[in-house]
Protein chains: 2
Amino acid sequence: MKSPSQPRDRGIPEATVARLPLYLRALHGMAERGVATVSSEDLAVAAGVNSAKLRKDLSHLGSYGTRGVGYDVEYLVYQISRELGLTQDWAVAIVGVGNLGRALANYGGFVSRGFRIAAVVDADPEVVGDTIAGLNVEHIDDLEAVIKRRGVSIVVLATPAAAAQEVCDRVVTAGVTSILNFAPVVLSVPDGVDVRKVDLSIELQILAFHEQRKAGGPLMAVDSQ
Amino acid sequence: MKSPSQPRDRGIPEATVARLPLYLRALHGMAERGVATVSSEDLAVAAGVNSAKLRKDLSHLGSYGTRGVGYDVEYLVYQISRELGLTQDWAVAIVGVGNLGRALANYGGFVSRGFRIAAVVDADPEVVGDTIAGLNVEHIDDLEAVIKRRGVSIVVLATPAAAAQEVCDRVVTAGVTSILNFAPVVLSVPDGVDVRKVDLSIELQILAFHEQRKAGGPLMAVDSQ
DNA sequence: CCGACTTTGTGCACCGGTTCACAAAGGGAT
DNA sequence: ATCCCTTTGTGAACCGGTGCACAAAGTCGG
C-alpha cells in the first residue's frame, strides 16, 4: 500500500455522513468473513446503494482505493471509523425509562462500537434506584450532576412528549450538544446543538400513504429503504 | 367555507409526504386547544419548518386555505388524514418480541390514529403464548396464516439482524408490501415493496460525527431536526 | 362599496445530491 | 517492457427540493 493521500475536504456532505455507517457495517461483516479487498461495486451492493455514489462518498475521505483492485477492507474500516469519531469512546445517557428507554438500554448492537451507556435517568420514584442494563437508575433532579460526573456528551430522550422539551433545555444548558430524540415533539434548541429525531408514528404514516396509493390507483410508488 | 378545489396533483413529492404527519400532529394539538383557524406562519412554527415550504406542501393537496385568514384546522386535519390514508384502519403485525418489539407493542402513541396492532409473532417457544399488549404471541411458523387471517398490511420487523431477511421474504411472499425495519440490515425486496428503516446505531454515529467536529475544529455543523 | 390589510399560492433562482460516463491509474500476464 | 483488463475518481448534466419575494385573493372596518 502506498502513502495515503490526506482527507482533504473537511466539509463532508450530510448525505454522505448518513451513509458512512452503512458502509462501515457492511465492511465489518466482510472483515469478519476474512475478505481482504472489496470493489466499489460489491460494497455498494452490500450497502444497498449505487456504486458511483459509494465511490464519490469515499472520495470525500481521501483516495483510499487502488484502481484495478478496489479498497482494502481493514484500512477502510479504520478510515471510516476515524472519520465518524468511533475511535473514541462516547458516553451516552438515556433519559426516560419507559418501555422504550428500557429497550434501548438493553439493546446490544446499539452499544457495539464506540458508544457506552453511562447513565440512565428517570423522574418516577418507582423506578429510580432500579438496575437496568447493569446501571443504577438515577433521579432526574440530578440530571446535570450526572451528565457532568459521567462525561456524557450524547443524550437519548425517551421521555413522554410532555417532558421532552424541558429535559432537552436542561441537558443543553448542562453543555450537551448532541441529542437523539424519540419523543414525538419538535424540539427547539439553540444553534450548534444537533438533534436527530426518530419517530415511529411518522414512519408508519408514510408507509400508510404509499400503501393506500398502491391499493387505490394504478400508479405504483416504490421502495426507498 | 366555499367549495374546495380537488386535490389535483396526484404525485405528491416524497419530502412533502414525510412532513404531512408533522403538520397533522401540530394540528391535532391545536384542535384540542380549540383553535379554529391557523396561518401558515403559525403552523410552520409549530411544526418546525419554513412557512413557504409549508404552504407549498399544502398546495399539493389542493387549495384549502383562505387568503387573508389561514387554514381551517378541522378541515385541514381531515384532508391530511385522508391523504395519508389514516381515515382507514391499518392492521400492523410486529415480528420479534425482544425488548424492542415489546416496547413497540406497548407504545401507545404509536397506535394512536389509524393503526392497530393486530398480531405479535416470535420464534422463541419461551415467549409464544405470552400475552403482550393484550395480544397472544403467535409462532413464526404461522406467520403467513396470521397475516392473512388478521388482514395485516404493514409489518414491523423487530427481529435479530440474522433473521430479518428471511422473515422479510416470507411476509413479502404473503402479500405484504409495507415494512418498517428495525433490524440493522439492508433488506432486499422486489419492486413495489416499501421498506422504511429505523436504525438507532446509525443515528448515534451521525451524532458522533458532528460532535467530533464541534470538539475538533472551529467549523460548526448545526442542527437539522 | 371601497380601500387598507392580511395571508395564500406560486414563479423563479438556487443548491445539494445523484447518476452517467469516461479518462486516468494501477495490476498482471506475456 | 508493453499491452490489456479492471476499477477508481471525477467532470458535467440532471433532478428534486428549498426559500425568496410578490401578485392574486380574500377579509374586515368604515
Side-chain angles (χ1 to χ4, degrees), chain A residues 1-20 22-23 35-73 75-76 79 206 221-225, chain B residues 1-9 11-20 22-23 27 35-73 75-76 79 206 221-225:
Chain A
M1 180 154 315
K2 63 149 194 168
S3 70
S5 22
Q6 301 288 19
R8 43 297 175 62
D9 196 350
R10 287 279 83 193
I12 297 183
E14 192 56 35
T16 296
V17 173
R19 282 186 297 265
L20 290 179
L22 227 49
Y23 305 153
V35 177
T37 280
V38 66
S39 70
S40 63
E41 184 57 36
D42 291 353
L43 182 51
V45 168
V49 304
N50 171 306
S51 73
K53 181 156 37 179
L54 180 130
R55 287 196 300 277
K56 189 154 285 186
D57 282 345
L58 293 186
S59 78
H60 286 115
L61 318 187
S63 270
Y64 296 139
T66 307
R67 294 174 191 231
V69 177
Y71 301 86
D72 181 273
V73 173
Y75 189 60
L76 200 50
Q79 290 301 340
I206 296 173
V222 209
D223 163 58
S224 61
Q225 197 74 215
Chain B
M1 183 158 313
K2 63 149 196 173
S3 72
S5 21
Q6 302 287 17
R8 43 298 176 58
D9 195 351
I12 298 183
E14 194 55 37
T16 296
V17 173
R19 282 187 295 265
L20 289 179
L22 227 49
Y23 305 153
L27 286 165
V35 178
T37 281
V38 66
S39 71
S40 63
E41 184 55 38
D42 291 353
L43 183 51
V45 168
V49 303
N50 171 305
S51 72
K53 183 159 30 182
L54 179 129
R55 287 197 299 277
K56 192 157 286 185
D57 283 343
L58 293 185
S59 78
H60 286 115
L61 318 186
S63 271
Y64 295 140
T66 307
R67 295 174 192 228
V69 177
Y71 299 88
D72 182 274
V73 173
Y75 189 60
L76 201 49
Q79 290 301 340
I206 296 173
V222 211
D223 163 58
S224 62
Q225 195 74 215

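Chain identifiers are assigned alphabetically (A, B, ...) following the order of the sequence lines, protein sequences preceding nucleic acid strands; residue numbering begins at 1 within each chain.
- Checked against C:dC20, C:dG9, D:dT8, the side chain of B:Ser59 finds its nearest nucleotide in C:dG9.
- Atom CD in B:Gln79 sits 8.0 Å away from atom CG in B:Leu76 (nearest 0.5 Å).
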**OP:** At under 4.0 Å between heavy atoms, which parts of nucleotides 1-6 of chain C does protein reach? Answer with one letter per nucleotide, 5' to 3': B base, S sugar-phosphate only, - none.
**Re:** -----B

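- Looking at which nucleotide of DNA chain D each of B:Ala52 and A:Ser39 is closest to, the 5′-most match is held by A:Ser39.
- Note: CZ (A:Arg55) to C1' (C:dA23) measures 13 Å, nearest angstrom.
- Distance CG (A:Leu20) to P (C:dG17): 12 Å, rounded to an integer number of Å.
- Checked by distance alone, B:Lys56 brings no side-chain donor or acceptor within 3.5 Å of a matching partner on the base of D:dG17.
- Rounded to whole angstrom, the span from the CD atom of A:Glu14 across to the P atom of D:dG17 amounts to 18 Å.
- Within the 4.5 Å cutoff, side-chain heavy atoms of A:Leu61 are placed close to those of A:Leu20.
- In this structure, B:Leu58 and B:Tyr64 have side chains that are not in contact, with every pair of non-hydrogen atoms separated by 4.5 Å or more.
- At whole-Å resolution of the value, CG in B:Asp57 and P in D:dT18 are 7 Å apart.
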Subject >> Worked verdict on A:Ile206 versus B:Glu14 for side chain to side chain contact (heavy atoms under 4.5 Å, CB included) >> reply: CA-CA 9 Å; A:Ile206 296 173; B:Glu14 194 55 37; 3.9 Å; yes

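- One distance of note links OH of B:Tyr71 with CG of B:Asp42; it measures 12.0 Å at 0.5 Å rounding.
- With rounding to whole Å, B:Asp72 atom CG is found 16 Å from C:dT7 atom P.
- Taking atom NZ of B:Lys53 as the reference point, atom P of C:dA13 lies 21 Å away to the nearest angstrom.
- The phosphate of D:dT6 (OP1 or OP2) has no side-chain N or O of A:Tyr71 nearer than 4.0 angstrom.
- When all heavy atoms are compared, the tightest approach of A:Ala44 to A:Ser51 is CB-CA, 3.5 Å.
- A close approach under 4.0 Å does not occur between any side-chain nitrogen or oxygen of A:Ser40 and OP1 or OP2 of D:dT7.
- Between the OH atom of B:Tyr23 and the CG atom of B:Leu43 there is a distance of 7.5 Å, given to the nearest 0.5 Å.
- Put simply, A:Ser63 has a side-chain N or O that comes within less than 4.0 Å of OP1 or OP2 on D:dG9.
- Regarding A:Tyr64, its OH atom lies at a distance of 19 Å from the C1' atom of D:dT7, rounded to whole Å.
- Computed from coordinates, the B:Leu43 CG to C:dT8 C1' distance equals 13 Å when rounded to whole Å.
- Phosphate contact (OP1/OP2 of C:dG17, side-chain N/O of A:Asn50, threshold under 4.0 Å): absent.
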